[in-house]
Amino acid sequence: MFIKKRPSWALPHSEVTPESVYLNRRQFMSGTVAVAAGLSMPGLLSAAELPVPGEALDYVAMPGFSTDEKKTPFEDVTRYNNFYEFGTGKGDPARYADEMSVDPWSVVVEGECGRPGEYALEDLLKPHEYQERVYRLRCVEAWSMVIPWIGIPLADIIKRLEPNSRAKYVYFETLYDPDQMRGQRSLFSTIDWPYQEGLRMDEAMNELSFLAVGLYGKTMPNQNGAPIRLVVPWKYGFKSIKSIVKIRFQEERPKTTWEMLAPQEYGFYANVNPDVDHPRWSQKRERRLPSGLLSPNWMETVKFNGYGEQVADLYKGMDLSKFY
Ligand code: MTE
């Protein structure tokens, strides 16, 4: 792995702030954004550039799988993103992700399973009913959101693909297409594309693991990982891989993007854990968005992002400071 430059989302918040302050000042000077709005969401799109919501989806609400915490507004969920394929700035995905075409879309399934092949996305999704689950999302950078996702339990799709007994892990891969993804053709890119992630099979089969195709009742905005992305709410956000084109069942633990880039900082497990700090910043607290310089909205981070009841058993007997 050739690391040219550390990505901005891997920086502690204190180091990122000066750029935000600079961007705020620039927006203020150009008069495009109200000062208060600029302070609350630095460096993002102006109100005139609000993302257009997608197509409405039919779904059933799943209160048993949903938090009743205040949802992060649609504007913040869709304008403050990490999607390095479109740039390293938080506003870059909202600005550029529409350069990616998501229709038609297919997903290759391979490896240790009974039903390998290339699936048109609609065939992969068709037999399933969509659910709405309101989950917390905690980024390793120490900000968080509450997002109403629409999608299908990952376990339901996996069962249909008939993994065999050698399938110990599931690997996921994002689209690689530099023509459509400007971050992949950037000379300053830090990542060895395509973006790759993985889960242990029992993690993937956990009832919380979710393949999302939308949010706020509509199809997924491109910047949030259209047309299909993973959501694993007890893990740091970087595990929730976007715009998936490949699912592979395998015996060995897959190499994952951030682990390959900086293994001493990002592990395979990446479980949210306030007791295990990142080497360069604390994980004890998080900024719940919307958050601004004047009201950062800090709160305590909870182990497994508050989903310990559902997932703690998966890690029984493991030293989580070693398997971070
Ligand atoms: N998936 C891909 N393909 N590329 C990325 O850069 N960023 C990850 C994750 N999935 C990323 C990705 C990170 S760091 C986070 S925090 C979440 O997406 C952010 O999801 P959101 O933008 O929908 O909030």
Side-chain angles (χ1 to χ4, degrees), residues 6-11 13 16 41 44-45 51 54 71-97 100 102 107 135-151 171-178 180-184 186 189-199 210-216 219-246 256-262 265-266 270 272 278 283 286-291 305:
R6 189 174 296 287
S8 72
W9 75 257
L11 290 177
H13 184 59
V16 177
M41 279 310 201
L44 302 184
L45 304 183
K71 292 182 198 112
T72 304
F74 176 81
E75 286 72 25
D76 301 313
V77 171
T78 55
R79 291 157 75 194
Y80 188 95
N81 299 100
N82 280 329
F83 199 169
Y84 272 60
E85 284 83 343
F86 298 102
T88 54
K90 293 286 184 275
D92 288 341
R95 220 170 262 126
Y96 302 122
M100 168 177 69
V102 299
V107 178
Y135 280 162
R136 292 176 287 275
L137 174 86
R138 170 50 158 95
C139 179
V140 73
E141 291 169 327
W143 53 262
S144 63
M145 301 198 197
V146 174
I147 305 178
W149 301 107
I150 309 290
Y171 162 91
F172 301 91
E173 199 175 285
T174 295
L175 177 68
Y176 176 69
D177 188 345
Q180 299 190 69
M181 297 175 134
R182 57 175 62 217
Q184 292 179 337
S186 163
S189 176
T190 55
I191 293 175
D192 191 6
W193 308 106
Y195 195 98
Q196 298 162 55
E197 258 309 332
L199 295 172
F210 205 55
L211 280 175
V213 296
L215 52 83
Y216 270 103
T219 50
M220 192 70 79
N222 278 14
Q223 60 268 32
N224 293 89
I228 185 164
R229 60 137 345 138
L230 184 66
V231 183
V232 272
W234 72 97
K235 293 179 177 285
Y236 291 122
F238 67 86
K239 297 293 291 183
S240 291
I241 182 172
K242 298 179 169 182
S243 304
I244 295 167
V245 293
K246 188 177 283 185
T256 56
T257 289
W258 288 100
E259 191 189 12
M260 286 191 281
L261 203 55
E265 301 191 8
Y266 308 103
V272 174
H278 185 281
Q283 293 293 22
E286 65 202 59
R287 280 182 308 122
R288 175 63 54 85
L289 299 187
S291 127
N305 205 18

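Indexing begins at 1, ligand by ligand and atom by atom, following the structure's order. Heavy atoms only: backbone and side chains are in, while hydrogens, waters and symmetry mates are out.
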>> Quick check: closest heavy atoms across Ile150 and Leu215, and the distance to 0.1 Å?
In response: CG1-N, 4.2 Å
> Under a 4.0 Å heavy-atom limit, does Glu85 contact ligand 1 with its side chain, its backbone, both, or neither?
Replying inline: side chain
> Which ligand 1 atoms does Thr174 reach within 4.0 Å, using its non-hydrogen atoms?
Replying inline: 3 (N)
>> For the aromatic rings, using the six-membered ring if either is Trp, is the centroid distance between Trp258 and Tyr236 under 6.0 Å?
In response: no
> Would one find an N or O of Trp143, backbone or side chain, under 3.5 Å from an N or O of ligand 1?
Replying inline: no
> Which atoms from ligand 1 have a heavy atom of Cys139 less than 4.0 Å away?
Replying inline: 16 (S)
> What pairs with Gln184 under side chain to side chain contact (heavy atoms under 4.5 Å, CB included), at least two apart in sequence or on another chain?
Replying inline: Glu85, Tyr176, Pro178, Met181, Trp193
>> Using a 4.0 Å heavy-atom cut-off, which part of Val77 comes near ligand 1: side chain, backbone, both, or neither?
In response: neither
> Quick one: does ligand 1 sit under 4.0 Å from the side chain of Phe83, the backbone, both or neither, non-hydrogen atoms only?
Replying inline: both
> Tell me, do Leu175 and Met100 make a side-chain contact under 4.5 Å, heavy atoms counted?
Replying inline: yes
> Would a 4.5 Å heavy-atom cut-off, applied to side chains only, mark Asn224 and Ile147 as touching?
Replying inline: no
>> Evaluate Tyr80 for polar contact with ligand 1, using N/O atom pairs at a separation under 3.5 Å.
In response: no
> So do Leu230 and Leu199 actually touch side chain to side chain, heavy atoms under 4.5 Å?
Replying inline: yes
> Are any of the N or O atoms of Asn81 closer than 3.5 Å to those of ligand 1?
Replying inline: yes
> Looking at Leu137, which atoms of ligand 1 are within less than 4.0 Å of one of its heavy atoms?
Replying inline: 24 (O)
>> Would you compute the distance between atom CZ of Arg138 and atom CZ of Arg287 and round it to the nearest 0.5 angstrom?
In response: 10.5 Å
>> What I want to know is whether Trp149 and ligand 1 share at least one N or O pair that is separated by under 3.5 angstrom.
In response: no
> Would you say Ser240 touches ligand 1, if touching means a heavy atom closer than 4.0 Å?
Replying inline: yes
> Any non-hydrogen atom of Lys239 lying under 4.0 Å from ligand 1?
Replying inline: no
> Is there a side-chain contact between Glu197 and Thr257, using heavy atoms and a 4.5 Å cut-off?
Replying inline: no
